[in-house]
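What's counted below: heavy atoms across the whole structure, side chains too, no hydrogens, waters or symmetry copies.
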Amino acid sequence: MYENEYDILMKTPVGNKFGNISFNIIGGTISGKLKILNHTENINGTIDRSGYCRIKGNIVTLTRNIDFVAAGKIESETLTLSVKDERNIYEITGLKK
C-alpha cells in the first residue's frame, strides 16, 4: 500500500487524460505507480525536503511506449509535474485523495 495517492490530470495535444499516481517516499527516494491511459507502470525518482522532485517512468499509449522524465513539486495536497519525452512536454497536476 502506498502512503501518497493523487488523482491526476495530464494535458495532451489530443485532450485531457485522467489517472492517478501512488508512491512512497523513503529518505529522498520516490517509488510507486503511475496509472494513466488504462495502464499502470512503475515510477521512481528523487525528492528534496522542499518537495522538488525528479521522476522517471513509462507511459503506454495505443501506438507507443513513452519513456519520460518528470520534474516538479509535490506538496501535502497537490502536485505539479512537467513530463518530458523525446517529442513533447506534458503538464500533470494532481490533488491528494
Side-chain angles (χ1 to χ4, degrees):
M1 187 168 153
Y2 292 103
E3 294 175 5
N4 301 285
E5 189 168 356
Y6 293 77
D7 288 323
I8 60 169
L9 165 71
M10 181 170 72
K11 295 179 182 176
T12 75
V14 294
N16 294 336
K17 306 301 177 192
F18 298 91
N20 67 50
I21 186 169
S22 304
F23 55 89
N24 288 325
I25 299 172
I26 300 172
T29 303
I30 296 174
S31 62
K33 303 276 184 188
L34 172 66
K35 182 177 181 182
I36 198 155
L37 301 174
N38 296 318
H39 290 276
T40 302
E41 299 293 326
N42 293 325
I43 59 166
N44 60 66
T46 59
I47 187 166
D48 68 18
R49 288 184 176 182
S50 61
Y52 290 100
C53 63
R54 183 174 170 87
I55 299 170
K56 294 180 183 179
N58 185 51
I59 297 173
V60 178
T61 74
L62 291 174
T63 58
R64 65 187 180 116
N65 289 340
I66 302 169
D67 291 322
F68 71 85
V69 175
K73 188 163 186 179
I74 298 172
E75 299 182 272
S76 62
E77 297 297 320
T78 62
L79 68 78
T80 305
L81 299 172
S82 180
V83 177
K84 184 176 180 183
D85 72 1
E86 71 276 358
R87 298 182 190 174
N88 299 296
I89 297 174
Y90 307 101
E91 296 299 320
I92 291 180
T93 57
L95 295 173
K96 191 155 190 175
K97 280 188 156 186

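Side chains of E41 and N65 form no contact here, defined as non-hydrogen atoms less than 4.5 Å apart. Contact annotation: the side chain of I74 approaches that of Y6 to within less than 4.5 Å [non-hydrogen atoms, C-beta and beyond]. With a 4.5 Å cut-off on side-chain heavy atoms, I43 and K56 do not count as touching. Within the 4.5 Å cutoff, side-chain heavy atoms of K84 are placed close to those of I89. Between L79 and I92 there is a side-chain heavy-atom pair separated by less than 4.5 Å.
Defined by atom type and a distance below 3.5 Å, a donor-acceptor pair is present between the side-chain atoms of Y90 and N88.
The 12-atom threshold is not exceeded at CG of N38, counting heavy atoms of other residues, nucleotides or ligands nearer than 6.0 Å. Within 6.0 Å of NZ on K73 lie more than 12 heavy atoms contributed by other residues, nucleotides or ligands.
Distance CD1/I36 to OG1/T12: 8.5 Å, rounded to 0.5 Å. Separating the CG atom in L9 from the NZ atom in K17 is a distance of 10.5 Å, to the nearest 0.5 Å. Rounding to the nearest 0.5 Å places OG1 of T46 at 10.5 Å from CD1 of I25. Distance check: H39 NE2 to N58 CG gives 10.0 Å after rounding to the nearest 0.5 Å. L81 CG to L34 CG: the interatomic distance, rounded to the nearest 0.5 Å, is 9.0 Å. For the atom pair CG (N4) and CD1 (I47), the distance works out to 8.5 Å, reported to the nearest 0.5 Å.
Nearest approach of K96 to E3, heavy atoms of both residues: NZ-O, 4.3 Å. For the residue pair Y2 and G32, the shortest heavy atom distance occurs at CE2-CA, 3.5 Å.
Checking side-chain atoms of D7 against main-chain N and O of L95 turns up no donor-acceptor pair under 3.5 Å.
In summary, E91 and K11 do not engage in a salt bridge, as defined by a charged side-chain N under 4.0 Å from a carboxylate O.
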